[in-house]
Amino acid sequence: MALLRNKQSETPEPTPGLLPGTGDGKGRPTPKRKESEAANKRPLVPTDRRAAGRDAKSAQREARARQYQAMKAGDERYLPAKDKGPARRYVRDYVDARWNIAEYFLPIALLFFVVMIVTTGRDAVISFVVLAALYVLVLIAVVDAVIMWFGLKKRLRTKFGEIPKGTAFYAVMRAFQLRRSRMPKPVHAKHGVYPE
């Protein structure tokens with residue numbers, strides 16, 4: 001027991017770099033609790049609500065503009081969370097490189113609807129044929145999207161190992177958009193440049 005007390009009474013060795021009297025401390029006294037709590041107090045409701053609202057709206061506007069510019073330029077730092085990451089970039093590049101039937105679906109479907117509306121009162125047979133052709137187009141676009149997904153899934157597994165949740169939906173939705181209207185914008189101007 002006496003041996004234990006003697007060890008405790010010994011003075012600890014000073015740590016290198018923090019020698020007493022050298023001024024290696026923070027150089028100011030520790031503030032009192034009241035002072036630090038008072039410095040952290042902020043009103044729950046700002047005194048000038050209109051100015052605070054204007055500031056918040058302008059900050060949101062700037063964030064949206066920065067995000068839009070990032071979507072056009074492909075800047076990863078400011079992209080929305082759904083578009084961030086190397087796997088999502090790979091999916092975008094793969095879908096943009098491939099000729100997808102689905103990307104032409106919307107203009108062709110719009111044309112079919114116009115033809116159906118024009119021919120509905122005049123010739124029911126033509127309307128039926130156009131409607132059947134529209135269903136065939138939908139089926140072809142879905143089959144093409146499934147084929148695209150299986151090829152992309154194989155590549156994603158070899159490159160990244162695990163496929164993030166929601167990647168299939170992300171790829172198919174991008175494939176169904178017109179190439180010019182895709183956001184983030186395609187990196188390459190033309191089809192055929194597949195990612196490595």
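One is the number of the first residue; the rest follow in order along the sequence.
Between Arg174 and Pro184 there is a side-chain heavy-atom pair separated by less than 4.5 Å. Side-chain contact check for Arg122 versus Ile126: every heavy-atom pair is 4.5 Å or farther apart. In this structure the side chain of Tyr90 reaches within 4.5 angstrom of the side chain of Leu152, judged on heavy atoms. Using a 4.5 Å cut-off on side-chain heavy atoms (C-beta onward), Asp93 and Tyr194 make no contact.
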Name the atoms and distances for all side-chain donor-acceptor pairs under 3.5 Å in residues 161-173, with sequence neighbours left out.
residue, atom, partner, partner atom, Å
Thr167, OG1, Pro164, O, 2.5
Tyr170, OH, Asp83, OD1, 2.6
Tyr170, OH, Arg92, NH1, 3.1

Using residues 53-71 as the side-chain source, report each donor-acceptor pair under 3.5 Å to any protein atom, sequence neighbours left out, with the distance given to one decimal.
residue, atom, partner, partner atom, Å
Ser58, OG, Arg54, O, 3.3
Ser58, OG, Asp55, O, 2.9

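Residues Leu178 and Met148 do not share a hydrophobic cluster, clusters being chains of Ile/Leu/Val/Met/Phe/Trp/Tyr side chains in contact below 4.5 Å. At a threshold of 4.5 Å between side-chain heavy atoms, the hydrophobic network of Ile, Leu, Val, Met, Phe, Trp and Tyr places Trp99 and Leu106 in one connected group. Residues Leu137 and Leu139 do not share a hydrophobic cluster, defined by chaining ILVMFWY side chains whose heavy atoms lie under 4.5 Å apart. Linking Ile, Leu, Val, Met, Phe, Trp and Tyr whenever their side-chain heavy atoms come within less than 4.5 Å puts Val138 and Val130 in one cluster. In the hydrophobic clustering of ILVMFWY residues, with side-chain heavy atoms under 4.5 Å counting as a link, Phe112 and Tyr135 come out together.
Residue Phe113 places its CZ atom among 12 or fewer non-hydrogen atoms of other residues, nucleotides or ligands, all under 6.0 Å distant. Heavy atoms from other residues, nucleotides or ligands lying under 6.0 Å from CZ of Phe128 number 12 at most.
The distance from the CD1 atom of Ile140 to the CD1 atom of Ile108 is 9.5 Å, given to the nearest 0.5 Å. Atom-to-atom distance recorded for Lys185:NZ and Arg179:CZ is 10.5 Å, nearest 0.5 angstrom. Between Leu134 atom CG and Leu110 atom CG the span is 10.5 Å, to the nearest 0.5 Å.
Residues Leu156 and Ala87 come closest through the heavy atom pair CD2-O, 4.3 Å. Taking every heavy atom of both residues into account, Tyr104 and His191 meet most closely at OH-CE1, 4.4 Å. For the residue pair His188 and Val193, the shortest heavy atom distance occurs at NE2-CG1, 3.3 Å. Across every non-hydrogen atom of Ile101 and Ala141, the tightest pair is CG2-CA, 4.4 Å. Listed here is the closest heavy atom pair of Ala145 and Phe176: CB-CE1, 4.2 Å. The minimum heavy-atom distance linking Gly151 with Tyr94 is given by the pair C-OH, 4.0 Å.
Look at Arg182 and Glu103 and you find a salt bridge, because one of the NZ, NE, NH1 or NH2 atoms lies within 4.0 Å of a carboxylate O, short of that distance.
Applying the side-chain hydrogen bond (donor to acceptor under 3.5 Å, both in side chains) test to Ser127 and every residue at least two apart in sequence or in another chain returns Thr119.
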* Verdict with reasoning, Asp144 to Arg98, per salt bridge (charged side-chain N to carboxylate O under 4.0 Å, His left out) -> CA-CA 11 Å; Asp144 184 52; Arg98 188 174 182 276; 2.9 Å; yes
* Going through the distances and angles, do Lys41 and Glu37 end up as a salt bridge (charged side-chain N to carboxylate O under 4.0 Å, His left out)? -> CA-CA 6 Å; Lys41 279 188 181 176; Glu37 284 179 354; over 6 Å; no
